[in-house]
2 protein chains.
Amino acid sequence: MATRAGLTTERLTRAGAELADEVGFDQVTVSELARRFDVKVASLYSHLKNSHDLRTRIALLALKELADRAADALAGRAGKDALTALANVYRDYAREHPGRYAAAQFRLGPEAAAASAGVRHAQMTRALLRGYDLTEPDQTHAVRLLGSVFHGYVSLEMGGGFSHSAPDTQDTWTRVLDALDALLRNWPEP
Amino acid sequence: MATRAGLTTERLTRAGAELADEVGFDQVTVSELARRFDVKVASLYSHLKNSHDLRTRIALLALKELADRAADALAGRAGKDALTALANVYRDYAREHPGRYAAAQFRLGPEAAAASAGVRHAQMTRALLRGYDLTEPDQTHAVRLLGSVFHGYVSLEMGGGFSHSAPDTQDTWTRVLDALDALLRNWPEP
DNA sequence: TGCATCTCCCTAAAGGCTTTAGGCAAATGG
DNA sequence: CCATTTGCCTAAAGCCTTTAGGGAGATGCA
């Protein structure tokens with residue numbers, strides 16, 4: 001018959017990420033993936049353990065892409081400049097790749113989590129905070145706060161949580177970053 | 001045969017919410033629900049339009065429960081006291097009812113969204129902010145910031161995003177609320 | 001080049017979830 | 001007490017996942 005399709009875990013993962021951006025992360029299906037490669041479903045199971053495995057791989061891909069972008073954005077920046085840059089990386093990535101962004105939120109098992117780029121994310125946020133004057137434990141608190149704001153804002157904005165309200169969300173975003181910068185420069189003692 | 005099962009959209013929705021808390025919101029299935037009522041699957045379709053309809057109803061239920069709790073918590077409180085109370089409502093609800101909390105994040109259509117308790121949430125946050133001295137547009141920015149932090153924190157904490165790190169997450173939560181209070185009392189002008 | 005082997009994709013099949021169509025019996029009420 | 005309504009059931013089709021086993025390309029060595 002025809003020549004082979006050239007399936008690969010790599011290619012399948014990338015195609016899965018694109019599929020996620022098109023139809024949503026939780027609509028990613030092994031069947032649809034097979035259809036796109038014009039191949040029978042069972043064929044994918046030589047390259048993927050199962051559906052969950054596919055999702056995990058997409059998640060890892062997204063986390064890596066995000067970390068790479070973040071590293072890029074932080075290079076040569078400090079203080080509020082760095083804060084804004086990092087924040088925009090997350091927001092822009094979510095807008096450009098909603099499915100991948102959702103994938104990055106996928107609950108990973110301990111093994112996968114350890115092998116993921118998740119660690120780099122925390123490290124970069126911590127690096128950014130060196131531009132502010134925080135004690136060690138406060139740095140951790142701040143890392144978590146920033147993570148929460150970035151993720152929470154992006155997630156609500158994309159979910160339509162801010163729709164139909166008066167001020168532009170871009171406006172709010174700017175002011176929120178101003179506020180965070182002010183807060184970090186003036187971190188309250190208990 | 002035996003007597004009727006007494007199915008109701010109401011009862012199905014409540015059972016669906018419990019099911020969500022047990023197995024996760026996205027594992028909620030019409031089939032499993034039927035099993036729990038010891039009834040054939042097709043029978044549920046007289047009470048539910050479809051699977052999506054079920055999820056929507058669970059989401060509306062969760063939003064209402066959350067709003068009710070929030071209203072309760074805010075009664076008679078102001079300032080930081082109110083801020084803490086509201087924040088804890090979200091966090092505690094998510095811990096007690098993870099499936100419902102996930103449901104509350106379910107993307108609703110415009111119709112359902114309008115009929116939801118989502119509006120009350122925004123109103124209560126706005127009410128809470130009256131204890132601080134913010135101009136009108138800044139109030140909206142602050143509403144969005146608080147929403148982002150609450151949702152983002154709870155979501156990351158529950159997703160295990162803060163696991164294995166040194167300081168206790170309760171510790172961080174307290175300090176984050178301190179920080180937000182300080183920020184709101186000292187909101188920066190552009 | 002020819003053949004053995006390995007790799008890759010396919011056929012087949014079982015099991016689960018969703019959703020629609022149509023039927024019979026239990027509840028309701030006049 | 002019977003007529004009608006209502007509620008749950010059987011049947012069936014469609015789609016997704018996952019496993020088992022087979023045949024035909026691709027590869028490499030003689």
Side-chain angles (χ1 to χ4, degrees), chain A residues 1-61 99 102-103 106-109 111-112, chain B residues 1-61 99 102-103 106-109 111-112:
Chain A
M1 276 252 179
T3 158
R4 295 189 176 177
L7 300 186
T8 288
T9 304
E10 266 293 307
R11 289 187 63 194
L12 289 173
T13 303
R14 272 198 295 273
E18 283 161 30
L19 179 57
D21 286 335
E22 291 171 33
V23 305
F25 182 60
D26 30 51
Q27 308 301 321
V28 169
T29 193
V30 180
S31 297
E32 177 60 26
L33 209 49
R35 232 169 273 131
R36 301 211 165 190
F37 279 90
D38 199 38
V39 140
K40 297 299 173 183
V41 192
S43 307
L44 302 202
Y45 283 81
S46 321
H47 307 274
L48 302 166
K49 273 226 318 280
N50 50 40
S51 190
H52 184 274
D53 180 43
L54 171 61
R55 287 172 217 282
T56 298
R57 287 176 193 280
I58 299 176
L60 293 176
L61 172 71
F106 185 64
R107 179 63 135 144
L108 294 174
E111 4 62 40
Chain B
M1 277 252 178
T3 158
R4 295 190 176 176
L7 300 185
T8 288
T9 304
E10 267 292 307
R11 290 186 63 194
L12 289 173
T13 304
R14 272 198 295 273
E18 282 161 31
L19 180 56
D21 285 336
E22 291 172 32
V23 304
F25 182 59
D26 30 53
Q27 308 300 320
V28 169
T29 192
V30 181
S31 297
E32 177 60 27
L33 210 48
R35 230 168 274 132
R36 301 211 164 190
F37 279 90
D38 199 36
V39 139
K40 297 299 174 182
V41 192
S43 307
L44 301 202
Y45 282 82
S46 319
H47 307 274
L48 265 26
K49 273 227 316 281
N50 50 40
S51 188
H52 184 272
D53 180 43
L54 171 61
R55 286 171 217 282
T56 298
R57 288 176 191 281
I58 298 176
L60 292 175
L61 172 71
F106 186 63
R107 180 58 138 147
L108 295 173
E111 4 61 41

For the pair made of CG in B:Asp53 and P in C:dC17, what is the distance, rounded to whole Å? 19 Å
One pair to check against side chain to side chain contact (heavy atoms under 4.5 Å, CB included): B:Val39 and B:Leu7. What are the steps and the verdict? CA-CA 9 Å; B:Val39 139; B:Leu7 300 185; 3.9 Å; yes
Output for pair (A:Leu48 CG, A:Thr13 OG1), nearest 0.5 Å, gives 6.5 Å
Show your reasoning for whether side chain to side chain contact (heavy atoms under 4.5 Å, CB included) applies to A:Leu60 and A:Leu108. CA-CA 9 Å; A:Leu60 293 176; A:Leu108 294 174; 3.9 Å; yes
What protein N or O atoms touch nucleotides 14-18 of chain D N or O atoms at under 3.5 angstrom, if any, and at what distances?
residue	atom	partner	partner atom	Å
D:dC16	OP1	A:Arg35	NH2	3.1
D:dC16	OP2	A:Arg35	NH2	2.8
D:dC16	O3'	A:Thr29	OG1	2.8
D:dT17	OP1	A:Thr29	OG1	2.9
D:dT17	OP1	A:Val30	N	3.3
D:dT17	OP2	A:Thr29	OG1	3.0
D:dT17	OP2	A:Val30	N	3.4
D:dT17	OP2	A:Ser31	N	2.9
D:dT17	OP2	A:Ser31	OG	2.7
D:dT18	OP2	A:Tyr45	OH	2.9
D:dT18	OP2	A:Ser51	N	2.7

Just so I know, are the side chains of A:Val23 and A:Glu32 near enough to count as touching, which here means a heavy-atom distance under 4.5 Å? no
Main-chain N/O of A:Gly6 paired with A:Arg11 side-chain donor or acceptor, under 3.5 Å: yes
Using the six-membered ring wherever Trp is involved, compare the ring planes of B:Phe106 and B:His52 and label them parallel, tilted or perpendicular (cut-offs 30° and 60°). tilted
Rounding to an integer number of Å, can you tell me how far B:Leu44 CG sits from D:dT10 P? 14 Å
With 3.5 Å as the limit, what N/O pairs link the protein to nucleotides 7-9 of chain C?
residue	atom	partner	partner atom	Å
C:dT7	O2	A:Arg4	NH1	3.3
C:dT7	O2	A:Arg4	NH2	2.8
C:dC8	O4'	A:Arg4	NH1	2.7
C:dC9	OP1	A:Ala5	N	3.3
C:dC9	OP1	A:Gly6	N	2.9
C:dC9	OP1	A:Leu7	N	3.2
C:dC9	OP2	A:His47	NE2	3.0

Using side chain to side chain contact (heavy atoms under 4.5 Å, CB included) as the criterion, point out the one residue from B:Asn50, B:Val30, B:Leu54 that pairs with B:Leu44. B:Val30
What pair of heavy atoms forms the shortest contact from A:Leu33 to A:Gly16, and how long is it? CD1-N, 3.8 Å
